[in-house]
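These notes are about the structure you will find just below.
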Amino acid sequence: MPRSFCRYLLTVGLSTGACFVLLSFSSLLWAAYDSTLQLGDATVKLDDNGLWHPIQLEKGVDLDEDTLSLLHQSTQPSGTIIGQTGRYLTKLSLSAGQAQSRFVVVGANFLDNGVAYWQPEGQPPRKIADFATLSPQRLPDMLHAQAFLVNVPEQSRGVLWIVISAQYYPTPITLTLYNASDYYHVQSVVRLVTQGSVFVMLTLALLALAIYFRTKLMLTFWFAGYVGLHGIGWAVASGEINSLLPSLSVNLTYAGMHLFPIAIACAAMFTEGLFNTQEHAPRLYRVFRGVAVCGAVMAVIMLWLPFITVFYLAHILALIWVPLSIFTGITMLGLHDFTAKYYLTGNLLYGSSLVYYTASHALAGSVLPYPELVVLAALALDCFCILLSLSEWLRVKQKELTEILYQAKVDMLTNVGNRFAMDEKLSELNGNYWIVFIDFDGMKTINDSLGHKEGDRFLIEAASLMRDQIAEDDSVFRVGGDEFVWLVEAQDRNMIALKFQLQQLLLNIETELKTQWPTSGISYGFSKGNPKKDKKVSLTEADEAMYQHKQSKHAQVPSVHDSLPS
């Protein structure tokens, strides 16, 4: 275990370092950008290398042509906007032979302000869009990004000015100028995957909560937190909640990062309980408890931290969690806990999607499209796989509980029902019935002369014969050392004929037992019951009738003194 754990720590370290190095040098991998565009029928996508100019802009400043030009000329464009913060400006010179309507998509998940100006050639600029998350302007939503519409007249030229502002830019801020058909196609795919994935996660969480309220199993509660908080986090981070509730005055897209540590804390508690690591892997148990505490503490502390710090802390936690979950799945499979096969499959999918997500932001966006959707779809599949692991765990627990309940109602020596099972069966009787109380004679002689092991064998054989002889719907119970009870429902049978049949069965069993144990015998008593009669009274009557039968048998056997001559 120590060597395996060291390998895990090395994996986490290498993964973390690789991701940060990849993101740090990502600006070197972007293609050069040409800001002059001749609009045709095709969709145009621009990476952010050299696209955005950092600007200092005081609130309330009117962005006229002179101000925009001065801001644009006074600064050098950034290589890539990844890792930056503040306000940025870009200028796109557009020309069109035919009239063009283009949906401009700004690839920013987190955006506080976004304003677009269109300046026809020889005219002053005019504001055409407020496109940030809280903008009152309603276009068909492009989740995980911001969008607005620009119209370019026929045989015209102009400049499109775009100003954006955010607390932090964690990804390249690409620009895509979609024609209408492409925009609606991409928008439908984005909405379908986003809403479908969130719906799956929230549905699974609600099902788990319903199970928790019925069973009080904490594992289902942690599962609901694990899956549900991921679903809510992605719903708010994608802009879906702000889109559904346009009257909100708070930009909820940032809230997803704040929810993530709590989701990971729930994931750690779920994993610890799923694999019972406290018993099977104590070191992992301590690690999961540590991750859970760390996630809960981080969620509180992050309320007072700037978003850039929140973003990095959440992603560092992800870089720790994903290798840890994969390592745990492999470890548990090695311990033959096959619940882990679903758990490992889901986390491998999720981990692979995060690699794709990182690579998509370090390489040209056209090479690896839809990074957020890939992660979201993989996460939904991961949650479904986690549900399969939970269902497997519940199946095992149900089997264990069934065995416990069975053992609680079964006599372990003879494998027939015990007194608890008899009481349960008595409470279910609702028609006419016979209670037969049975006591085996000669048990003391068998135990004293042949040993208790032989006495146990006798009882096992007797119980087996009774089970074989009695009808399927009727029941046999052991209620004492050598005492048994039959509960026989009359149903449509004649009560007198049924009693005679049962007496014959007892005689057959006694005859069979005497072939191996000649000194044995059977004493029995009958009591007839009906729905109006107290079942305990019937049981007492059968017990008393059995003792009367036993005494009558003893009275018929002459004593030793009676056999001697006077």
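Along the sequence shown, residues carry numbers from 1. Computed over heavy atoms, backbone and side chain alike; hydrogens, waters and symmetry mates excluded.
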### Query
Does a salt bridge link Lys425 with Glu489, judged by any charged N lying under 4.0 Å from a carboxylate O?
yes
### Task
Mind telling me whether Tyr524 and Phe526 have parallel, tilted or perpendicular rings, with 30° and 60° as the class edges?
perpendicular
### Message
I'd like to check Tyr343 versus Ser325 (side-chain heavy atoms, cut-off strictly below 4.5 Å). Are they in contact?
### Response
yes
### Note, Ile211 side chain near Arg214 side chain (heavy atom, < 4.5 Å)
no
### Test item: Asn109 side-chain N/O and Ser238 main-chain N/O as donor-acceptor pair under 3.5 Å
no
### Query
Do Leu506 and Gln501 have side-chain heavy atoms sitting under 4.5 Å apart?
no
### Task
Check Ala318 against Pro323 and note the closest heavy-atom contact, atom names and distance.
O-CD, 4.3 Å
### Task
Would you kindly say whether Asp411 and Thr414 are connected by a side-chain donor-acceptor distance under 3.5 Å?
yes
### Task
Would you check, one step at a time, whether the test side chain to side chain contact (heavy atoms under 4.5 Å, CB included) holds for Met298 with Ile264?
CA-CA 11 Å; Met298 281 177 60; Ile264 292 301; over 6 Å; no
### Query
side chain to side chain contact (heavy atoms under 4.5 Å, CB included) with Thr277: which of Met332, Arg283, Arg286?
Met332
### Task
Examine Tyr226 together with His230 and report whether their ring centres are nearer than 6.0 Å.
yes
### Task
Give a yes or no on whether the backbone of Ala267 and the side-chain of Thr271 come within a donor-acceptor separation of less than 3.5 Å.
yes
### Nearest heavy atoms of Val416 and Ala463, plus distance in Å
CG1-CB, 4.0 Å
### Task
Scan side-chain atoms only and decide if Glu454 and Trp517 contain a donor-acceptor pair under the 3.5 Å cut-off.
yes
### Summary
Scanning both residues in full, the closest heavy-atom pair of Ala408 with Asn418 reads O-ND2, 2.8 Å
### Query
So, are Glu483 and Arg478 salt-bridged, with charged N and O less than 4.0 Å apart?
no
#### Entry: Listed partners of Lys550 passing side chain to side chain contact (heavy atoms under 4.5 Å, CB included), at least two apart
Asp439, Asp441, Ser523, Met546, His554
### Message
Apply side chain to side chain contact (heavy atoms under 4.5 Å, CB included) to residues Tyr370 and Val193 and explain how you reach the verdict.
### Response
CA-CA 10 Å; Tyr370 303 127; Val193 175; over 6 Å; no
### Asn347 side chain reached by Ile386 side chain, heavy atoms, under 4.5 Å
yes
### Message
Under 3.5 Å, is there a donor on one side chain and an acceptor on the other for Glu240 and Gln195?
### Response
yes
### Query
Hey, is the main chain of Ile522 close enough, under 3.5 Å, to the side chain of Glu510 for a donor-acceptor pair?
yes
### Query
Hey, what do you get for CG (Leu348) to SG (Cys385), rounding to the nearest 0.5 Å?
9.5 Å
### Message
Is it the case that the ring center of Phe270 lies less than 6.0 angstrom away from the ring center of Phe221?
### Response
no
